[in-house]
Q: 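Mind looking over this structure? Questions follow.
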Amino acid sequence: MQRHYRTCNICEAMCGLVIEHEGDQVLSIKPHKEDPLSRGHICPKAVALQDFRTDPDRVTTPLRKRGQEWEPVDWDEAIDYAAHGIRSVQDVHGKDGFGAYLGNPNAHKFANLMTLPRLIKAIGTTQRYSSATSDQIPHHVASIHMLGHPMLMPIPDLDRTDYLLVIGGNPVVSNGSMMTAPDFSGRIDDLQARGGRMVVIDPRRTETARRAAEHHFIRPETDAFFDPCFDPRGLCTKCSGSWCTGGCDQRGRGAAGCRAAVHA
């Protein structure tokens, strides 16, 4: 039996693993208790890593659906069929008649990261979607405008902060993936033990909200009115809800809309 110490690459939490195997047979995948980042935390995704290779339902060849059945086809036939379908749609509906959805595993494969952007660019569609567009795209957009690149995302210093404000997030379930914080629940325990507080603003009483010192419900679709509360300029009711440019006696009174949004 051999033992290897590895890092799980399924999400940004980067949990440490202890993998035991004999030859090409994985015997166990366990958390690495001495890993300084994950500190012995592990989630079900890491435990099932071997299934990527050994699951009997793993797709290893292109499949084409005929009626209600899927049948294997070779790569040349699959590529020709896909290219014909894309061209047929775009001939009728234009380049944006074709939409592309890129699944989560693409973010963890160097070959896909290098080739898929070129493929989508060659197809010419702007209708591009992925797990990120329904999960975390606001992070990337904010990073473009603030820091110049979609992947330069600031993360909270959970291990030293004494006040954590969570707006619309549920890191107890996501395991703190986007903030590279494995064992988020344990880190909140540490925060509270040193006298800190976590406050959650969310329209739903999430698993994270249940752990918070305070949970403020916010009326759905009013978060656009809540965010300006953090800007000292405030909203101006006289300026049609836009930022006050000065010289206006109504400056900041739009903050009442912020309070109404939170205290639904």
Side-chain angles (χ1 to χ4, degrees), residues 7-15 43-49 51-53 55 57-65 70 73 75 78-156 166-182 184 202-204 206-208 220-221 223-224 227:
T7 299
C8 178
N9 70 337
I10 296 298
C11 82
E12 297 83 357
M14 306 289 287
C15 297
C43 86
K45 292 180 292 186
V47 177
L49 276 172
D51 294 342
F52 282 107
R53 184 173 58 87
D55 193 294
D57 292 329
R58 180 187 179 197
V59 176
T60 59
T61 186
L63 300 174
R64 180 176 178 179
K65 192 173 186 179
W70 293 92
V73 296
W75 282 101
I79 293 173
D80 288 343
Y81 180 78
H84 175 75
I86 294 171
R87 175 59 62 85
S88 298
V89 169
Q90 291 185 322
D91 285 346
V92 176
H93 302 286
K95 290 186 179 296
D96 284 343
F98 172 80
Y101 181 88
L102 308 179
N104 177 268
N106 290 301
H108 309 288
K109 296 288 187 291
F110 284 118
N112 295 20
L113 289 171
M114 294 173 64
T115 58
L116 279 176
R118 291 186 174 90
L119 173 62
I120 301 302
K121 185 176 181 179
I123 291 173
T125 181
T126 61
Q127 302 300 309
R128 295 171 291 179
Y129 307 93
S130 69
S131 54
T133 61
S134 59
D135 174 44
Q136 67 205 42
I137 205 66
H139 295 274
H140 298 298
V141 174
S143 293
I144 290 173
H145 291 288
M146 292 175 60
L147 302 171
H149 194 281
M151 297 305 293
L152 288 175
M153 288 182 285
I155 59 175
V166 180
I167 305 175
N170 193 11
V172 167
V173 170
S174 66
N175 294 314
S177 62
M178 284 299 291
M179 58 183 75
T180 315
F184 180 84
D202 199 293
R204 187 171 71 90
T206 63
E207 290 83 353
T208 302
E221 299 184 2
D223 48 320
D227 293 343

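Bear in mind that the values here come from a model prediction, so they are computed numbers and not experimental data. For reference, positions follow the sequence shown, starting with 1. These numbers come from the heavy atoms of this one structure, side chains and all, not from hydrogens, waters or symmetry mates.
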Q: For side-chain contact (heavy atoms from CB on, under 4.5 Å), just list the numbers for Cys8 and Lys45, CA-CA rounded to whole Å, side-chain angles, deciding distance to a tenth of an Å, and then say yes or no.
A: CA-CA 9 Å; Cys8 178; Lys45 292 180 292 186; 5.7 Å; no
Q: Within a reach of under 6.0 Å around OH of Tyr101, are more than 12 heavy atoms found that belong to other residues, nucleotides or ligands?
A: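 Enclosed.
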Q: Any chance you could measure Asn9, atom CG, to Lys109, atom NZ, to the nearest 0.5 Å?
A: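 So the gap between those two atoms works out to 6.5 Å.
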Q: Look only at the side chain of Thr7 and the backbone of Met14, and say whether a donor-acceptor pair between them is shorter than 3.5 Å.
A: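 Checked: no pair found.
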Q: State, to 0.1 Å, how close Ile120 and Ala100 come at their nearest heavy-atom pair, and which atoms those are.
A: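 Reported closest heavy-atom pair: CD1-CB, 3.6 Å.
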Q: First locate atom NZ of Lys95, then atom OG1 of Thr126, and finally report the distance between them rounded to the nearest 0.5 Å.
A: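 If I round to the nearest 0.5 Å, the distance is 11.0 Å.
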Q: Got a second to check how far Ile79's CD1 is from His84's NE2, nearest 0.5 Å?
A: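 Ile79 atom CD1 to His84 atom NE2 measures 15.5 Å (nearest 0.5 Å).
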Q: Within the structure provided, determine whether Val59 and Trp70 are in side-chain contact (heavy-atom separation under 4.5 Å).
A: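 Not in contact.
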Q: Do Glu207 and Asn170 have side chains that get closer than 4.5 Å, going by heavy atoms?
A: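 A side-chain contact under 4.5 Å exists here.
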Q: Quick one: closest heavy-atom pair of Leu102 and Leu116, and the distance?
A: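 Smallest heavy-atom distance, with atoms named: CD2-CD1, 4.2 Å.
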Q: Check whether more than 12 heavy atoms from other residues, nucleotides or ligands sit under 6.0 Å from atom CZ of Arg53, and answer yes or no.
A: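 Enclosed: over 12 neighbouring heavy atoms sit under 6.0 Å from CZ of Arg53.
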Q: How close do Thr61 and Val73 get, counting heavy atoms only, and between which atoms?
A: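 That closest heavy-atom pairing would be OG1-O, 3.4 Å.
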Q: Calculate, to the nearest 0.5 Å, the distance between atoms NE2 and NE2 belonging to His140 and His149 respectively.
A: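 Going from the NE2 atom of His140 to the NE2 atom of His149 covers 10.5 Å.
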Q: Measure across Gln127 and Phe98 and return the closest heavy-atom pair with its distance rounded to 0.1 Å.
A: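 So the minimum-distance heavy-atom pair works out to CB-O, 3.8 Å.
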Q: Looking at NZ of Lys121 and CZ of Arg128, how far apart are the two atoms once the value is rounded to the nearest 0.5 Å?
A: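 One gets 10.0 Å once the value is rounded to the nearest 0.5 Å.
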Q: Where is the tightest heavy-atom contact between Gly168 and Asp202, given as atom of each residue plus distance?
A: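 Heavy atoms of Gly168 and Asp202 come nearest at CA-OD2, 3.4 Å.
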Q: Heavy atoms only: give me the nearest Met153-Ser143 pair and the separation to one decimal.
A: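 That closest heavy-atom pairing would be CG-OG, 3.2 Å.
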Q: Crowded around Arg87 CZ? As in, over 12 foreign heavy atoms under 6.0 Å?
A: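 Check fails, neighbour count at 12 or below.
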Q: Checking the side chain of Gln90 only, and the main-chain atoms of Ile123 only, is there a donor and an acceptor separated by less than 3.5 Å?
A: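 A pair under 3.5 Å: yes.
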Q: Please tell me if the side chains of Met179 and Pro171 come closer than 4.5 Å, counting only heavy atoms from C-beta onward.
A: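 Sidechains of Pro171 and Met179: in contact.
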Q: Using a 3.5 Å distance criterion without hydrogens, assess whether the side chain of Asn106 forms a donor-acceptor pair with backbone atoms of Gly103.
A: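 Yes, because the side chain of Asn106 sits within donor-acceptor range (under 3.5 Å) of the backbone of Gly103.
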